[in-house]
Protein chains: 2
Amino acid sequence: MAGTIFAEKTETRLNAAERLCAAHGSRLTDLRRQVLGLVLEAARPVGAYDLLDGLRADKKGAAPPTVYRALDFLLEEGLIHKIERLSAFVGCTHALDGSHAEAGHPHAAQFLICTGCGQVTELDDHGILHALIHATRQIGFMVRHSTVEAEGLCAACLGGAAL
Amino acid sequence: MAGTIFAEKTETRLNAAERLCAAHGSRLTDLRRQVLGLVLEAARPVGAYDLLDGLRADKKGAAPPTVYRALDFLLEEGLIHKIERLSAFVGCTHALDGSHAEAGHPHAAQFLICTGCGQVTELDDHGILHALIHATRQIGFMVRHSTVEAEGLCAACLGGAAL
DNA sequence: TTCAAATATGTTACATTATAACGTATGTTG
DNA sequence: CAACATACGTTATAATGTAACATATTTGAA
């Protein structure tokens with residue numbers, strides 16, 4: 001239940017997510033679907049406790065572990081990313097909108113956090129990744145996971161009124 | 001007071017830090033010096049509350065804001081870095097041991113976190129930084145601060161017994 | 001030097017983020 | 001259906017970080 005409470009575009013992406021999960025033998029349950037929906041509709045990074053508030057619209061007594069478990073699942077499936085500097089979560093741009101090779105698997109990405117408007121842009125830049133791999137290989141370090149986050153001002157905020 | 005409680009090498013680095021601060025017209029007070037000393041002697045990232053415990057050896061009733069304020073100062077002076085993924089702090093390798101141009105100013109750096117031994121290595125790799133700047137410039141994003149952290153296994157842990 | 005301003009620290013209280021531990025339900029498989 | 005694995009509910013608490021205001025210390029200028 002808790003079925004079709006999201007915008008049509010979101011439902012489309014949720015359906016894509018459901019197929020990705022099915023393809024690995026995992027299940028996008030109603031609860032996980034709802035948490036993912038809340039993240040996708042946010043258009044900005046969302047904190048776990050904001051999601052909890054959202055959940056409580058349906059499930060009155062929901063508690064933190066409910067949200068954190070769903071988030072852990074979604075992270076493992078590569079459907080969302082955590083922005084460490086913000087302790088907040090965003091939908092994965094690549095997993096749900098195109099047919100990317102790495103869809104449905106946690107992957108290296110880079111995030112640009114605009115301090116003007118709060119929006120976060122996901123990059124998937126090979127140059128950055130290669131530079132990181134190259135530098136670490138030189139000293140014999142094997143990277144398992146990387147976090148790359150840049151804070152600054154996006155083009156819109158630079159061009160517009162805000163200084 | 002709380003004067004010379006650290007190892008000689010640490011005191012040397014603390015004295016270097018004091019000179020860097022003086023050069024900008026800021027003061028490495030006893031309290032800040034002690035917090036920096038605790039970070040430098042840790043050899044691993046240290047959490048704020050671990051530092052608080054350390055402080056309490058001298059100042060019995062110390063409270064969180066005391067530590068966080070000292071950490072903020074040290075971050076601004078570029079004497080320490082925060083590892084976001086660990087919510088923990090490390091001494092800046094570059095600021096205190098050589099005479100680097102960027103010493104005593106917050107600067108872009110990259111951190112390699114070994115999940116085997118817990119050690120963190122600071123890089124200052126131009127290739128990574130350039131790749132980031134290049135990728136962001138293309139989309140008109142102006143970077144003010146960047147966080148680059150890689151988790152994995154260091155050379156020692158890869159070579160030795162641990163798989 | 002002595003007062004005023006700025007800087008630094010002390011202190012209390014609380015906000016935010018995250019997890020441990022254990023019980024219950026639901027689904028899956030033989 | 002029984003046994004197992006997976007997912008979810010619930011309570012309690014841990015870990016990290018800050019707001020707000022009081023006090024002390026340093027600095028600088030009259």
Side-chain angles (χ1 to χ4, degrees), chain A residues 1-2 17-18 21-22 24-36 38-39 42 44-77 79-90 147 149, chain B residues 1-2 17-18 21-22 24-36 38-39 42 44-77 79-90 147 149:
Chain A
M1 239 103 297
E18 194 157 346
C21 288
H24 314 183
S26 67
R27 298 181 307 140
L28 188 69
T29 62
D30 283 344
L31 180 63
R32 291 161 175 175
R33 184 184 177 100
Q34 189 170 8
V35 171
L36 180 54
L38 290 168
V39 172
R44 273 191 228 308
V46 209
Y49 281 75
D50 293 332
L51 293 169
L52 186 54
D53 288 342
L55 260 192
R56 282 175 172 153
D58 277 293
K59 332 205 98 194
K60 292 230 307 194
T66 298
V67 169
Y68 280 102
R69 281 192 290 233
L71 290 170
D72 286 345
F73 173 85
L74 297 169
L75 286 167
E76 274 165 22
E77 295 293 326
L79 297 170
I80 64 173
H81 296 284
K82 179 172 186 182
I83 310 297
E84 297 287 340
R85 290 183 64 81
L86 304 178
S87 296
F89 302 85
V90 295
T147 299
E149 299 174 4
Chain B
M1 238 99 296
E18 195 157 344
C21 288
H24 314 184
S26 67
R27 299 180 307 140
L28 188 69
T29 61
D30 282 344
L31 179 63
R32 291 161 174 175
R33 184 184 176 100
Q34 189 171 5
V35 171
L36 180 55
L38 289 169
V39 172
R44 271 189 229 308
V46 210
Y49 282 75
D50 292 333
L51 293 169
L52 185 53
D53 289 342
L55 261 192
R56 282 176 170 152
D58 276 292
K59 333 206 95 195
K60 291 230 308 194
T66 298
V67 169
Y68 280 103
R69 281 192 290 233
L71 290 170
D72 285 345
F73 173 86
L74 297 170
L75 286 167
E76 275 164 23
E77 295 294 325
L79 297 170
I80 64 174
H81 296 283
K82 178 171 185 181
I83 310 297
E84 297 287 340
R85 290 183 64 80
L86 305 178
S87 296
F89 303 84
V90 295
T147 300
E149 299 174 4

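This structure is a prediction, so every number in the text was calculated from the model and none was measured. Sequence lines set the chain letters: A, B, ... in the order given, protein chains first and strands last, and positions in each chain run from 1.
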side-chain hydrogen bond (donor to acceptor under 3.5 Å, both in side chains) partners of Ser87(B), counting only residues at least two apart: none
Are there any protein N/O atoms within less than 3.5 Å of an N/O atom in nucleotides 22-26 of chain D, and if so, which ones and at what distance?
residue: dT26(D); atom: O3'; partner: Arg27(B); partner atom: NH1; Å: 3.3

On DNA chain C, reading 5' to 3', which nucleotide is the first and which the last to sit with an atom under 4.0 Å from a heavy atom of chain A, could you check? dT17(C) to dG27(C)
Closest non-hydrogen atoms of Phe89(B) and Leu71(B), given as atom of the first, atom of the second and distance, are CE1-CD1, 3.6 Å
Does the side chain of Ser87(A) get closer than 4.0 angstrom to OP1 or OP2 of dT16(D) through an N or O atom? no
Reckon Arg32(A) touches a base, only the sugar-phosphate, or nothing at all at heavy-atom distances under 4.0 Å? sugar-phosphate
Please identify each residue that fulfils side chain to side chain contact (heavy atoms under 4.5 Å, CB included) with Ala17(A), with sequence neighbours left out. Leu28(A), Leu36(A), Leu79(A), Leu96(A)
Is the shortest side-chain N/O distance from Tyr68(B) to OP1 or OP2 of dG17(D) below 4.0 Å? yes
Would you mind reading off the distance between Leu86(A) atom CG and dT16(D) atom P, rounded to a whole angstrom? 19 Å
Expressed in angstrom and rounded to an integer, what is the separation of Glu76(A) atom CD from dT6(D) atom C1'? 13 Å
Could you identify which residues of residues 59-67 of chain B place a heavy atom less than 4.0 Å from some atom of DNA chain D, listed by residue number, or say none? Pro64(B), Pro65(B)
Rounded to whole angstrom units, what separation is found between the CG atom of Asp58(A) and the P atom of dG9(D)? 11 Å
Between dA19(D) atom C1' and Asp72(B) atom CG, what is the distance in whole Å? 14 Å
Pairs of donor and acceptor atoms involving the side chains of residues 44-56 of chain A, under 3.5 Å and at least two apart or interchain, shall be tabulated with distances.
residue: Arg44(A); atom: NH1; partner: Cys117(A); partner atom: O; Å: 2.9
residue: Arg56(A); atom: NE; partner: Ala62(A); partner atom: O; Å: 2.9
residue: Arg56(A); atom: NH2; partner: Ala62(A); partner atom: O; Å: 2.7

Asp30(A) has an atom CG; how far is it from atom C1' of dG9(D), in whole Å? 16 Å
Pairs flagged by salt bridge (Lys or Arg N to Asp or Glu O under 4.0 Å) wherever residues 79-89 of chain B is involved - sequence neighbours left out: Glu84(A)-Arg85(B), Arg85(A)-Glu84(B), Arg85(B)-Glu151(B)
Pairwise distance SG(Cys21(A)) to CG(Leu74(A)) - rounded to 0.5 angstrom: 7.5 Å
Can you tell me how far P of dG17(D) sits from CD of Glu84(A), to the nearest Å? 12 Å
Thr29(A): partners by side chain to side chain contact (heavy atoms under 4.5 Å, CB included), with sequence neighbours left out: Arg27(A), Leu31(A), Arg32(A)
To the nearest Å, give me how far apart CZ (Arg69(B)) and C1' (dA20(D)) are. 11 Å
Rounded to whole Å, the CG-P distance (Leu28(A) to dA7(D)) equals 11 Å
